[in-house]
Amino acid sequence: KLISDYKFLEGVKETVDSSQRHLDSVKPQNRGDPRFRSCLANNILLKFMPETFTRHRDNKTFCKDRLLHWTVELVFTELNSKIISHDVPETDCVEDVLRRYQAISTDLEQYKTVTQYFKFKPKVTYLVKADVGRPNCYHKINPRESFKDCLRSKTVIEYPTVYLVQDTEDYTVVPCVGVIVRE
């Protein structure tokens, strides 16, 4: 009985040591990354997913001449459709992205989605997910403001996702508290 207890304790110790080595090998947020630094300068908290996650692989966000070019996901909730747009400068707004898609879209389904959006435009509310730890909590954003201004004091995981909704009843809209992001 004493030997089995001893072996059990050795197994636990080995597991703890192994997990500690694993934690030491995981890299923290890369503060040297130009995307991270650019977001930090604009008071946006940028978080990265592990490399094996699809969201991380889809992220084509880059920084060029101190200007962040986002990958942006637009989710049309009532139409059950989404569009992912790459190379969106932080100075562009949501409406610019939609107009660009309507003008150059070669995909008929995406063209129909954007055209239907413009039909219901006055009733659409623009939301970004709030990082408050509760499901269905969102911040309301102005579609005419640049992404740089819309995302200020917010948390972005890999790239921004904007939800275009007509009925906000199922969504909890929370006020944006001026979070100060520090290095």
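The figures here come from the full heavy-atom set of this structure, side chains too, leaving out hydrogens, waters and symmetry mates. Throughout, residue positions are numbered sequentially from 1 according to the sequence presented.
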query: salt bridge (Lys or Arg N to Asp or Glu O under 4.0 Å) between Lys47 and Glu158: does it pass, once the steps are laid out?
result: CA-CA 6 Å; Lys47 293 184 178 180; Glu158 290 290 343; over 6 Å; no

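- Under the 3.5 Å distance criterion, the side-chain polar atoms of Lys148 are left unmatched by any main-chain donor or acceptor of Glu145.
- Side-chain atoms of Leu151 and Asn42, non-hydrogen and from C-beta on, never get closer than 4.5 Å to each other.
- The CZ atom of Arg35 lies 8.5 Å from the CG atom of Leu68; values are rounded to the nearest 0.5 Å.
- The two atoms that bring Arg100 and Val88 nearest to each other are NH1-CG2, 4.4 Å, heavy atoms only.
- Formation of a donor-acceptor pair under 3.5 Å by the Asp65 side chain with backbone atoms of Leu67 is not found in this model.
- Across all non-hydrogen atoms, the minimal contact from Cys63 to Ser38 is SG-CB, 4.1 Å.
- A pairwise comparison of heavy atoms in His69 and Asp87 identifies ND1-OD1, 2.8 Å as the closest pair.
- A heavy-atom distance below 4.5 Å is not found between the side chains of Ser146 and Asp92.
- Taking CG of Leu127 as the start and NZ of Lys140 as the end, the distance is 8.0 Å to the nearest 0.5 Å.
- The aromatic rings of Tyr163 and Tyr138 sit perpendicular, their planes meeting at an angle over 60°, well past the 30° parallel limit.
- Phe36 and Phe62 fall into different hydrophobic clusters, where Ile, Leu, Val, Met, Phe, Trp and Tyr residues are linked whenever their side-chain heavy atoms come under 4.5 Å apart, directly or through other members.
- Residues Ile157 and Leu40 are members of separate hydrophobic clusters, defined by side-chain heavy-atom contacts under 4.5 angstrom among Ile, Leu, Val, Met, Phe, Trp and Tyr.
- Contact annotation: the side chain of Phe147 never approaches that of Thr91 to less than 4.5 Å [non-hydrogen atoms, C-beta and beyond].
- For the pair Leu164 and Thr77, the minimum side-chain heavy-atom distance is 4.5 Å or more.
- In this structure, Val162 and Ile141 have side chains that are in contact, with non-hydrogen atoms separated by less than 4.5 Å.
- For the 3.5 Å distance criterion, the side chains of Arg55 and Thr161 qualify, holding a donor opposite an acceptor.
- In this structure, Thr71 contributes its side chain and His86 its backbone to no donor-acceptor pair below 3.5 Å.
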